[in-house]
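Note sheet for the following structure.
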Amino acid sequence: MIKISEQNKSVKHSLRTSATKAKTPAEKLTPIWPLLANDEERSIISQNLTIKECRRGSLIFQEGEPVEYLNFLSRGKVKMFRHGIGGRLYITRMIKPGQFFGIRPFFADQPSQTTAEVFESSEVLQLPVTTVNLLLQSNTALARFFLKSLATELGEAEDRTISLTQKHLRGRLAETLIFLMHNYGLENDGATLDIYLSREDLAALSNMTTSNAIRTLSLFASERIIALDGRKIKIIDPDGLKRVSKQG
């Protein structure tokens, strides 16, 4: 009986070890790894994938550069922005772990239209676009995945463009705070946004000037919709925030 018990313990330990085994870098590409058709495709990705550890403030690629990699955010946060008239900065996307970014211009035969900057210490997995192109020629499931991703991204961009051009300042900032809440979630207190943006970044994400962003945040705080602590923003009244966004 003792031997059987020890054997069972050994088996359970082996199962736990196998279940908690760390993923290989290529297996971290969770959206596309299951779509690979065979070991040859998995080997192609494994052999060509590179890992880039990025510090806050470092640039992954810049506006105007040729597209060389398909980027996947494994850990951290990244913001994508471009410069408009007069050099004004506009944040076009906020990337969270588990998302691909920076490949749309490759499919359009264009250079990068945006700059990608690391917002906090991050791990980025990079796959050469030549490798991606090779896989797409034979893997229709992978092609459909990127087609759907690009279509979804386009739809979200259109919705956001309409909102940021039609809504007043309060509605724009409220929508931005809701977006950040949905995209990055809340801290353990269940209220504080799990991302600390500067007032300049909030303004760039909301299509307004920094002074207007500061003023509108203060109004939200005075109305007890949010609470401010430096860059920390606590959502006190999420329903109120949604009402402001909906009213525009």
| message | The test is side chain to side chain contact (heavy atoms under 4.5 Å, CB included); show your working for Phe61 and Asn71 and say whether it passes. | response | CA-CA 10 Å; Phe61 55 80; Asn71 297 282; 3.6 Å; yes
| task | Kindly indicate, with the supporting measurements, whether the criterion side chain to side chain contact (heavy atoms under 4.5 Å, CB included) is fulfilled by Ile195 and Phe119. | result | CA-CA 9 Å; Ile195 182 171; Phe119 189 75; 3.6 Å; yes
| said: Let's go through Phe220 and Leu228 carefully: what are the C-alpha distance in whole Å and the side-chain angles of both, what is the deciding distance for side chain to side chain contact (heavy atoms under 4.5 Å, CB included) to 0.1 Å, and is it a yes or a no? | reply: CA-CA 9 Å; Phe220 285 173; Leu228 301 173; over 6 Å; no
| field | side chain to side chain contact (heavy atoms under 4.5 Å, CB included) evaluation trace for Glu41 with Leu135 | value | CA-CA 7 Å; Glu41 291 186 349; Leu135 292 170; 3.8 Å; yes
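Taking CG of Asp237 as the reference point, atom CD1 of Ile226 lies at 11.0 Å (rounded to 0.5 Å). For the atom pair CD1 of Ile225 and CG of Leu219, the computed distance is 9.0 Å after rounding to the nearest 0.5 Å. Put simply, OG on Ser206 and CZ on Arg170 are 13.5 Å apart, with the number rounded to the nearest 0.5 Å. Atoms CG and OG1, from Leu202 and Thr176 in turn, are 7.0 Å apart once rounded to the nearest 0.5 Å. From Asn212, atom CG reaches atom OG1 of Thr216 across 6.0 Å, with rounding to the nearest 0.5 Å. Taken from CD1 in Ile178 to CG in Leu193, the straight-line distance is 10.5 Å, to the nearest 0.5 Å.
The backbone N or O of Lys242 sits nowhere less than 3.5 Å from a side-chain atom of Ser245 that would complete a donor-acceptor pair. Using modelled atom types, one side-chain atom of Ser149 and one backbone atom of Phe145 make a donor-acceptor pair closer than 3.5 Å. No side-chain donor-acceptor contact under 3.5 Å links Ser58 to the backbone of Cys54. In this structure, Arg172 contributes its side chain and Leu164 its backbone to a donor-acceptor pair below 3.5 Å. Remark: the backbone N or O of Met80 is paired with a side-chain donor or acceptor of Thr92 at under 3.5 angstrom. With hydrogens and angles disregarded, a donor-acceptor distance shorter than 3.5 Å links the side chain of Glu27 to the backbone of Thr24. Looking at Ser122, its side chain never comes within 3.5 Å of a backbone N or O of Val118 through a donor-acceptor pair. Tyr184 places a side-chain N or O within donor-acceptor distance of the main-chain N or O of Ile95, the cut-off being under 3.5 Å. Checked by atom type and distance alone, the side chain of Glu65 pairs as donor or acceptor with a backbone atom of Gln62 at under 3.5 Å. At distances below 3.5 Å, at least one donor-acceptor pair connects side-chain atoms of Asn183 with backbone N or O atoms of Met94.
Ala227 and Ile236 make their closest contact through CB-CD1, 3.6 Å (heavy atoms, listed as atom of the first residue, atom of the second, distance).
Taking 4.5 Å as the limit, every side-chain heavy atom of Ile233 sits out of range of all side-chain heavy atoms of Leu197. A 4.5 Å side-chain heavy-atom check between Val78 and Phe101 finds at least one atom pair inside the cut-off. Under the 4.5 Å side-chain criterion, counting only non-hydrogen atoms from C-beta, Arg42 is in contact with Trp33. Looking only at side-chain heavy atoms (C-beta outward), Val124 and Phe72 stay at 4.5 Å or farther from each other. With contacts defined as side-chain heavy-atom distances shorter than 4.5 Å, the pair Lys234/Asp229 does not qualify. Contact annotation: the side chain of Leu29 approaches that of Leu49 to within less than 4.5 Å [non-hydrogen atoms, C-beta and beyond]. Here the side chains of Arg93 and Gln99 are in contact, with some heavy-atom distance below 4.5 Å. Residues Phe106 and Pro66 have side chains not in contact (no heavy-atom distance under 4.5 Å, counting atoms from C-beta outward).
Taking the charged nitrogens against the carboxylate oxygens, Arg160 and Glu175 do have a contact shorter than 4.0 Å, which makes a salt bridge. Using a 4.0 Å cut-off between a side-chain N of Lys or Arg and a carboxylate O of Asp or Glu, Glu153 and Arg104 do not qualify as a salt bridge. Ionic pairing of Glu120 and Arg75 is not present here: no N-O contact between side-chain nitrogen and carboxylate oxygen is shorter than 4.0 angstrom. One finds a salt bridge joining Asp201 and Lys79 here, because a Lys/Arg side-chain nitrogen approaches an Asp/Glu carboxylate oxygen to under 4.0 Å. A salt bridge does not link Arg56 to Glu117: none of the charged side-chain nitrogens sits closer than 4.0 Å to a carboxylate oxygen.
If you look at His83 and Phe81, their ring centroids are closer than 6.0 Å.
More than 12 heavy atoms of other residues, nucleotides or ligands shown are found within 6.0 angstrom of CD on Gln137. The environment of Asn188 atom CG is sparse: at most 12 non-hydrogen atoms of other residues, nucleotides or ligands sit within 6.0 angstrom. More than 12 heavy atoms of other residues, nucleotides or ligands sit less than 6.0 Å from atom CZ of Arg199.
Side-chain contact of Asn133 with Thr130: a donor-acceptor pair under 3.5 Å is absent, judged by distance alone. A side-chain donor-acceptor contact under 3.5 Å links Gln47 and Ser43.
Ring planes of Phe100 and Phe146: perpendicular class, angle over 60° (limits at 30 and 60°).
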